[in-house]
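Counting starts at 1 for both ligands and their atoms, in listed order. Below, each value reflects all heavy atoms present in this structure, side chains not excepted, and no hydrogens, waters or symmetry copies. Treat the numbers as computed from the prediction; the structure is a model and nothing was measured.
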Amino acid sequence: MAALEFPPRVELARRSTPLQFLARASERWGQGHRLWVKRDDLSGCLLSGNKVRKLEFIIAHALAEGCDTLITCGGLQSNHCRATAFAGAQSGLAVHLLLRGEEPAIGEGNFLLDQLAGATINCYPKHQYVSELPDLFARWQDHYAGLGRKALAIPTGGSDGLGAWGYIAACEELASDLAAAGIDSAHLVTASGSGGTQAGLTLGASLYDLPLTVWGVNVCDDEQYFLDKVAADRADWRARFPGVPSVTAQTRVLDGYVGDGYGIARPEVFALIAELAALEGLLLDPVYTGKAFQGMLAELDAGRFRDCRDIIFLHTGGVFGVFPQAQQFTFTGADMRG
Ligand SMILES: *Cc1c(COP(=O)(O)O)cnc(C)c1O
């Protein structure tokens, strides 16, 4: 492949993140497969997770455009909003968050962190958020323009043709990871929420000719939604960067693990999070990675990955999502009564 021409990028993430072999998890669940984890939860403490990879390109774009403010949106516990709040603070940009839901009396988890990072926050009831989001963005952008300022609107999850570069670049990193680990063919599984990570990985795996089959486990909506969303992000990438090579890679979704809705996990997901934490010292979250890991194991059981020995789970972060749902975990604890 001719060298890819990347758009400008600011350095925010800790790279390269490790690719680690999970010996005990492989023994417990692998059925002969080797299970690996790509530790994007280690991309930084407060910037942790997948969103910082996208934000490196988004913030470089904001700076190039002369913006002084970032506006973005998400749920009250959005990891993307928290990462944007801290990335903005680290880059000297103001951050304005449009959040879905009633403003909590006391901030916890990511909401607390958004406040600490000095973000301006507006909470909107779900029905208003859903029906008026584009208007809300436009209204706040006008507001800043009226003050002589300039605000960049960042879509949900930072997922569009610009944010896609984050995981295209990650594929360059994965190429060396695979070589170092001696992996010549693998399945790669990620949680998919707004599709940008999956879009970037699907493009990047093809552009770098990686021996990876990329799967997104959707944590909301359904397969068709993500096929359409990833296609839209890929089309946006091509439209915004007309010189990029053409890519025909198939988008692959593992549907069936949403449970009772976005952000709502079943007891077995909480049990799996606790089991993996104790087994490997690896912490998942109930909104994204816990469901995706559960989906990966269920598909492994069903024989989905039988053509490759190696399976890589992309740990996309989300640790702060554990705390607001603390009451959902059950522990048996030590019993010394014998
Ligand atoms: C946002 C997020 C995802 C999903 O990534 P998308 O690019 O939005 O699909 C997965 N895991 C975590 C922890 C996230 O915060």
Side-chain angles (χ1 to χ4, degrees), residues 13 17 37-44 46-58 72-87 100 109-110 113-114 154-170 188-204 214-223 225-234 236-237 251-255 257-258 262-263 265 269 273 282-296 313-325:
T17 62
V37 61
K38 173 70 171 166
R39 297 292 305 273
D40 275 11
D41 56 320
L42 300 180
S43 55
L46 294 161
L47 296 171
S48 63
N50 58 344
K51 302 308 184 307
V52 60
R53 289 193 188 263
K54 309 178 194 183
L55 285 165
E56 290 193 324
F57 291 97
I58 293 168
T72 195
C73 64
L76 287 180
Q77 288 298 333
S78 164
N79 294 310
H80 163 68
C81 288
R82 177 257 308 152
T84 305
F86 278 91
R100 182 185 64 242
N110 285 315
L113 295 173
D114 297 341
I154 304 173
T156 305
S159 292
D160 60 8
L162 178 60
W165 284 107
Y167 274 88
I168 293 173
L188 176 79
V189 178
T190 183
S192 230
S194 61
T197 300
Q198 192 180 349
L201 286 170
T202 305
L203 288 168
V214 176
W215 299 94
V217 178
N218 55 301
V219 302
C220 54
D221 300 288
D222 59 14
E223 176 174 10
Y225 175 87
F226 280 91
L227 293 176
D228 295 344
K229 179 61 172 58
V230 171
D233 287 359
R234 289 171 62 167
D236 185 46
W237 178 71
T251 301
R252 294 181 172 86
V253 179
L254 299 171
D255 195 1
Y257 307 99
V258 176
Y262 172 75
V269 173
I273 292 171
L282 191 69
L283 184 58
L284 305 179
D285 77 285
V287 183
Y288 294 98
T289 55
K291 288 182 181 177
F293 199 89
Q294 183 204 27
M296 179 182 76
F313 182 75
L314 176 66
H315 194 324
T316 44
V319 63
F320 302 115
V322 166
F323 304 105
Q325 302 207 34

Aromatic plane relationship, H315 with F313 - under 30° parallel, 30 to 60° tilted, over 60° perpendicular: perpendicular
Mutual orientation of the aromatic rings belonging to F57 and W165 [parallel < 30°, tilted 30-60°, perpendicular > 60°]: tilted
Heavy-atom distance under 4.5 Å between the side chains of [X] and [Y], does that happen here?
X	Y	value
Y262	V219	yes
P286	V322	yes
M296	V217	no
K54	T197	yes

What protein heavy atom sits nearest [atom], and how far away is it?
atom	result
atom 11 (N) of ligand 1	T316 OG1, 2.6 Å
atom 5 (O) of ligand 1	N50 ND2, 2.9 Å
atom 14 (C) of ligand 1	K51 NZ, 2.9 Å
atom 8 (O) of ligand 1	S194 OG, 2.5 Å

Which of the numbered atoms in ligand 1 are below 4.0 angstrom from a heavy atom of [X]?
X	result
T197	5 (O), 6 (P), 7 (O)
G196	7 (O), 9 (O)
A191	4 (C), 10 (C)
G318	13 (C)
N79	13 (C), 14 (C), 15 (O)

Below 4.0 Å from ligand 1: does a non-hydrogen atom of [X] turn up there or not?
X	answer
G195	yes
Q198	no
G193	yes

Verdict with reasoning, D40 to T316, per side-chain contact (heavy atoms from CB on, under 4.5 Å): CA-CA 5 Å; D40 275 11; T316 44; 5.6 Å; no
Applying a heavy-atom cut-off of 4.0 Å, say which part of [X] lies close to ligand 1: side chain, backbone, both or neither.
X	answer
S159	side chain
T190	neither
K54	side chain

From L47 atom CG to L42 atom CG, the distance as rounded to the nearest 0.5 Å: 13.0 Å
R82 side chain to N79 side chain, donor-acceptor N/O pair below 3.5 angstrom: yes
Test item: side-chain donor near acceptor, T17 and K38, under 3.5 Å: yes
